[in-house]
Amino acid sequence: MGCGNSTEAHTSQAAEARPLNDEAGRNKSLSKEEAANDPTIEAAKLTKEEVYASANLATFLTFDEDMAQEQVNGDIEILQELHTMVCEQYHTSFTEIKNGFEKGDYQRVHSAAHALKGAMCNLGANRFASISALLENYGHKLKAILKTDTALTEDQTHLVRIYIQMMADEWQEYLNSFQDFLKRTTK
């Protein structure tokens with residue numbers, strides 16, 4: 001069970017590019033792609049559209065109908081049940097992400113984003129899964145910074161707000177795509 005165009009290679013490669021607290025590295029200007037994966041002041045300069053473009057999110061399908069059907073061996077009834085479970089997971093995990101962010105608990109953000117990534121990937125919602133992977137990895141980086149007893153700045157948490165907004169927007173896109181799919185296949 002894969003997610004087609006997985007972002008794990010993109011995000012893990014970027015995460016290993018250099019240490020989080022490399023002061024020498026902070027003095028150089030980062031590309032938009034690097035900034036979208038690095039909790040620095042450079043990330044705070046990015047807009048939602050720049051983050052979307054730098055992560056190549058347009059290359060991922062909102063709802064991969066073929067993949068979703070393959071997951072359930074073409075049984076639309078099972079797919080609808082899976083969709084219902086994922087809707088519940090979304091509401092629980094998205095609330096956890098927002099609450100974790102508000103409380104500065106990036107372990108919660110990381111864990112909830114991870115849960116959503118898996119759930120959405122299994123349903124063929126590849127773009128949402130990719131956004132979840134970005135937030136999962138970024139939450140992990142922020143968690144690591146906090147372990148050094150360093151307070152996070154507004155610049156470092158800026159991308160979390162963007163990822164949360166992107167998730168909310170993509171959730172609506174997914175719901176619309178899934179409903180359109182059902183209308184075409186359950187006539």
>> Quick check: do Lys48 and Asp169 have side-chain heavy atoms less than 4.5 Å from each other?
In response: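 Yes. Closest side-chain heavy atoms under 4.5 Å.
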> Do Asn99 and Glu102 come within less than 4.5 Å of each other through their side chains, counting heavy atoms only?
Replying inline: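 With C-beta onward as the side chain, the pair touches.
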>> Checking Trp171 against Ile131 for the side chain to side chain contact (heavy atoms under 4.5 Å, CB included) test, could you report, in this order, the C-alpha distance in whole Å, the side-chain angles of both residues, the deciding distance, and whether it holds?
In response: CA-CA 11 Å; Trp171 177 250; Ile131 295 167; over 6 Å; no
> How about Gln107 and Ser111: does a side-chain donor come under 3.5 Å of a side-chain acceptor?
Replying inline: yes
> With no hydrogens and no angle check, do the side chains of Gln172 and Asn176 hold a donor and an acceptor under 3.5 Å apart?
Replying inline: no
Donor-acceptor contact below 3.5 Å, side chain [X] vs main chain [Y]:
X: Asn56; Y: Thr59; value: no
X: Thr157; Y: Val160; value: no
X: Gln156; Y: Thr153; value: yes
X: Ser54; Y: Val51; value: yes
X: Thr148; Y: Ile145; value: yes

> Do Tyr52 and Thr47 pass the side chain to side chain contact (heavy atoms under 4.5 Å, CB included) test, and can you show the C-alpha distance, the side-chain angles, and the key distance before you say yes or no?
Replying inline: CA-CA 9 Å; Tyr52 188 92; Thr47 65; over 6 Å; no
>> Run the side chain to side chain contact (heavy atoms under 4.5 Å, CB included) test on Leu152 and Tyr106 for me, step by step, so that the C-alpha distance in whole Å, both residues' side-chain angles and the decisive distance to 0.1 Å come before the verdict.
In response: CA-CA 11 Å; Leu152 296 176; Tyr106 290 96; 3.3 Å; yes
> Hey, which of Arg108, Lys117, Lys143 is the one that makes salt bridge (charged side-chain N to carboxylate O under 4.0 Å, His left out) with Glu136?
Replying inline: Lys117
Nearest 0.5 Å, please: how far is [atom2] in [Y] from [atom1] in [X]?
X: Met67; Y: Leu61; atom1: CE; atom2: CG; answer: 10.0 Å
X: Glu96; Y: His110; atom1: CD; atom2: NE2; answer: 13.5 Å
X: Ile76; Y: Leu182; atom1: CD1; atom2: CG; answer: 7.0 Å
X: Glu65; Y: Leu79; atom1: CD; atom2: CG; answer: 10.0 Å
X: His83; Y: Leu123; atom1: NE2; atom2: CG; answer: 7.5 Å
X: Met167; Y: Leu135; atom1: CE; atom2: CG; answer: 5.0 Å

Taking every non-hydrogen atom, the tightest pair across [X] and [Y]:
X: Gly100; Y: Val109; answer: C-CG2, 3.8 Å
X: Ala55; Y: Phe60; answer: O-CE1, 4.0 Å
X: Leu175; Y: Cys87; answer: CD2-SG, 4.3 Å
X: Asn126; Y: Cys121; answer: OD1-O, 4.4 Å
X: Met120; Y: Ala129; answer: CB-N, 4.2 Å
X: Gly104; Y: Leu146; answer: O-CD1, 3.7 Å

>> Counting only heavy atoms from other residues, nucleotides and ligands, does the tally under 6.0 Å from CD of Glu70 exceed 12?
In response: no
>> Counting neighbours of NE2 on His114 that are heavy atoms of other residues, nucleotides or ligands and sit closer than 6.0 Å, is the number greater than 12?
In response: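 No, not enclosed.
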> Any salt bridge between Arg127 and Glu173, counting N to O under 4.0 Å?
Replying inline: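 The answer is no: the pair does not qualify as a salt bridge.
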> Aromatic rings Phe181 and Phe178: how do their planes relate, parallel, tilted or perpendicular, breaks at 30° and 60°?
Replying inline: tilted
> Stepwise, does the side chain to side chain contact (heavy atoms under 4.5 Å, CB included) test hold for Phe128 with Tyr90?
Replying inline: CA-CA 11 Å; Phe128 191 101; Tyr90 169 79; 3.7 Å; yes
